[in-house]
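Reading through the structure tokens given below for one structure.
Because the structure is predicted, anything quoted here is derived from the model rather than measured. One is the number of the first residue; the rest follow in order along the sequence.
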Amino acid sequence: MALKSKSPINNKILEWFISDFNLTPAEVAKKVGTTPAKVESWIDGSDSPTYTQAERLAYDVFKKPLAVFFMAEIPVSLSVKKKFRSLPDYIYDITSYKTRLAINKADFFRTVLSELYATNPSEEPIFRTLRIQSGDDFVKIAETIREVLGIEHSIQKSFRDVYKGLNYYRNALERLGIFTFQLPLEGERAFCLLDDEFPLIILNSGDSPNSKIFSMFHELAHILMGNEDIYSEVYNPIYSNDPNEVYCNKLAAEILVPINEFKEQYAADLTVIEESIVQRIANNYCVSKEVILRRFLDIGKASPGEYKEYKKKWDEDFTKRENTEISYYRTKISALGRTYIRKVIDEFRNGKINDGQIANFLGIKYAQLARIESEVYV
């Protein structure tokens, strides 16, 4: 039997990538289809992967060109962490492999947007016209944001379908220069990346639409403050007590459910918190029940104990929900957004990018383009 040819990759680069993506040799072995001991031998340089295994490492595990693993020096510029300008180490260090892949993908989207537009297409990007600090009056800031985004209670009540609400907010932010994408994350709700032209918000594609809406405005707050964030529900005291995190949560809640309006319309005569009441008000504002219950907690109508009890129940309910099967094309459009997809298609039809680029920018096979195009222009 002929021996499979080996690929003498730079073992130090492999070791560095494993660390950079927060993986263990055992996890890499499972993804490649070999043993942890074999991966350890690749790391210490006593053995090398086969060409097929090297391809799997590059394309499947780390999403990098195979040539990178044959470089003489560690490609530090490709570090996932370097995609952030200002993220604290203690937040980044706990992020999962799946989230780090998403960070890499988000950086790719920034590059594509720069190639497609050169400069931000919004005449007045909100991240330039509105800068905030954690000591600012979040009620007044929220009023300003609601005004520029066109958010009124009557509009929120008209959504009914929460997906319409999510798309409304997403489109509003894109008009003001902030693009939003949805990618699989693990352990995180969302994150944002700063950029002089194309700051991005990335939402967890596995979250409920209501959760995505709150996360979107939490990340918007971070962008307007000029600091990056990975929004997590890990109960790290350093993170949860950080003044920026506290402020961003308050601002997001105020944008979606203004406290004075809430008290006047829904809380004046309330004596007992019932889930049906919370659900009805949440529907009116197109937000999660958790956001509404938090508002009741803020005004003293709910106790911390009630909040924790209900939140635990709702979190458990969400994890047990039935997964609705959604078509590949609808999922792709939801992940990338219609504005981004239409711009890519327009540039292709105008001869500014080729068929290889459009497939790469959209993450599809070229043969799927016609179907994507028909779906996105519905």
Minimum heavy-atom distance between Trp16 and Leu78, given as atom pair plus value: CH2-C, 4.1 Å
Checking side-chain polar atoms at under 3.5 Å, does Asn249 have a donor or acceptor matched by the opposite partner on Glu245? no
Residue pairs involving residues 109-119 (criterion salt bridge (Lys or Arg N to Asp or Glu O under 4.0 Å); sequence neighbours excluded): Asp107-Arg110
Name all residues meeting the ring pair (Phe, Tyr, Trp, His ring centres under 6.0 Å) criterion together with Phe138; count only those two or more places apart in sequence or in a different chain, and write none if there are none. none
Any salt bridge (Lys or Arg N to Asp or Glu O under 4.0 Å) involving residues 47-63? Give me the pairs, sequence neighbours left out, ordered by first then second residue. Lys6-Asp47, Lys38-Asp47
Does Thr95 reach the main-chain N or O of Tyr92 with its side chain, forming a donor-acceptor pair under 3.5 Å? yes
Keeping to residues at least two apart or across chains, list the side-chain hydrogen bond (donor to acceptor under 3.5 Å, both in side chains) pairs with something in residues 121-138. Arg128-Glu197
Has the side chain of Glu188 got a donor or acceptor atom that lies under 3.5 Å from a matching backbone atom of Leu185? no
Kindly indicate, with the supporting measurements, whether the criterion side-chain contact (heavy atoms from CB on, under 4.5 Å) is fulfilled by Tyr90 and Asp242. CA-CA 12 Å; Tyr90 77 88; Asp242 183 276; 4.1 Å; yes
Write out all pairs satisfying salt bridge (Lys or Arg N to Asp or Glu O under 4.0 Å) with one or both partners inside residues 361-378, taking only residues at least two apart or from two chains. Arg349-Glu373, Arg371-Glu375
Can you name the ring pair (Phe, Tyr, Trp, His ring centres under 6.0 Å) partners of Phe159, sequence neighbours left out? Tyr168, Tyr169
I'd like to know if the side chain of Ser86 reaches the main chain of Glu228, judged simply by a donor and an acceptor atom lying under 3.5 Å from each other, with no hydrogens or angles considered. yes
Proximity of Phe361 and Phe348 rings by center, below 6.0 Å: no
Over all atoms of both residues, closest heavy-atom pair of Ala221 and Ile132: O-CD1, 4.0 Å
Is there a donor-acceptor pair under 3.5 Å between the side chain of Asn350 and the backbone N or O of Lys352? no
Non-hydrogen atoms of Pro199 and Gly177 that approach each other most closely: CD-O, 4.4 Å
Is any side-chain heavy atom of Arg85 less than 4.5 Å from a side-chain heavy atom of Leu193? no
Would you call Pro258 and Arg146 a side-chain contact if the rule is heavy atoms closer than 4.5 Å? yes
When rounded to the nearest 0.5 angstrom, what distance separates CD1 in Ile230 from CZ in Phe84? 4.0 Å
side-chain contact (heavy atoms from CB on, under 4.5 Å) filter on Ala58, not counting sequence neighbours, yields Leu66, Phe69
Hey, are Thr99 and Ser96 close enough side-chain-wise for a donor-acceptor pair under 3.5 Å? yes
Exam field: side chain Asn360 to backbone Gly356, donor-acceptor pair closer than 3.5 Å: no
Any donor-acceptor pair under 3.5 Å linking the side chain of Lys289 with the backbone of Ile281? no
Are Leu113 and Asn120 close enough that some pair of their side-chain heavy atoms sits under 4.5 Å apart? no
Kindly determine whether Leu149 and Phe217 satisfy side-chain contact (heavy atoms from CB on, under 4.5 Å), including the steps that lead there. CA-CA 11 Å; Leu149 292 180; Phe217 286 107; 3.5 Å; yes
Between Asp44 and Ser46, is there a side-chain donor-acceptor contact under 3.5 Å, judged purely by atom types and distance? yes
For residues 181-210, pull every pair meeting ring-ring contact (aromatic ring centres under 6.0 Å, His included), keeping only residues two or more places apart or in separate chains. Phe109-Phe181, Phe181-Tyr340
Counting only heavy atoms not in Lys105, do more than 12 fall under 6.0 Å of its NZ? yes
Interatomic spacing from CD1 in Ile292 to CG in Asn283 - rounded to 0.5 Å: 9.5 Å
Is it true that Lys313 and Glu309 have a side-chain N and a carboxylate O under 4.0 angstrom from each other? no
State whether the side chain of Gln156 and the backbone N or O of Leu256 hold a donor-acceptor pair below 3.5 Å, judged by distance alone. yes
Taking the side chain from Lys308 and the backbone from Ser303, do they hold a donor-acceptor pair closer than 3.5 Å? no
Quick one: closest heavy-atom pair of Leu116 and Lys343, and the distance? O-CE, 3.5 Å
I need the minimum non-hydrogen distance between Gly226 and Leu194, along with the two atoms involved. O-CD1, 3.3 Å
Side-chain donor or acceptor of Glu27 paired with backbone N/O of Thr24 under 3.5 Å: yes
Taking only residues two or more places apart in sequence or in another chain, which ones pass ring pair (Phe, Tyr, Trp, His ring centres under 6.0 Å) with Tyr117? Phe179
Pairwise distance CG(Leu23) to NZ(Lys30) - rounded to 0.5 angstrom: 12.0 Å
Hey, does Asp298 have a side-chain heavy atom less than 4.5 Å from the side chain of Arg294? yes
Less than 4.5 Å apart, any side-chain heavy atom of Pro304 and any of Leu297? yes
Under the ring pair (Phe, Tyr, Trp, His ring centres under 6.0 Å) test, residues paired with Tyr285 that sit two or more places apart: His153, Tyr266
Counterpart residues, side-chain hydrogen bond (donor to acceptor under 3.5 Å, both in side chains), relative to Ser205 (two or more places apart): none
Heavy-atom nearest pair, Leu200 first then Ala106, reads CD1-O, 3.2 Å
According to salt bridge (Lys or Arg N to Asp or Glu O under 4.0 Å), does anything in residues 87-96 pair up with another residue at least two apart or in another chain? List the pairs. Lys81-Asp89
Say whether Thr180 and Arg170, considering side chains only, have a donor N or O and an acceptor N or O under 3.5 Å apart. no
Could you give me the CA-CA distance, side-chain angles and deciding distance for Leu362 and Leu369, then say whether side-chain contact (heavy atoms from CB on, under 4.5 Å) is met? CA-CA 9 Å; Leu362 298 180; Leu369 177 59; 4.3 Å; yes
Has the side chain of Asn204 got a donor or acceptor atom that lies under 3.5 Å from a matching backbone atom of Arg189? no
Ion pair present between Arg342 and Asp346, side-chain N to carboxylate O less than 4.0 angstrom? no
Within the supplied structure, the quantity of interest is the number of heavy atoms (other residues, nucleotides, ligands) at a distance under 6.0 Å from Lys83 NZ; does it exceed 12? yes
Please evaluate residues Thr331 and Ser334 with respect to the criterion side-chain contact (heavy atoms from CB on, under 4.5 Å), reporting the C-alpha separation (whole Å), side-chain torsions for both, the decisive distance (0.1 Å), and the verdict. CA-CA 5 Å; Thr331 301; Ser334 176; 5.7 Å; no
Less than 3.5 Å apart, any donor N or O on the side chain of Ser208 or Ser211 sitting next to an acceptor on the other? yes
Ignoring hydrogens and geometry beyond distance, is a side-chain donor-acceptor pair present between Ser79 and Asp20 at under 3.5 Å? yes
As an exercise, state the distance from CD of Glu219 to CG of Leu224, rounded to the nearest 0.5 Å. 11.5 Å
Between the CD atom in Glu254 and the CD1 atom in Ile141, the distance rounded to the nearest 0.5 Å is 11.5 Å
Within this structure, what is the CD1-CD1 distance for the pair Ile345 and Ile341, rounded to the nearest 0.5 Å? 6.5 Å
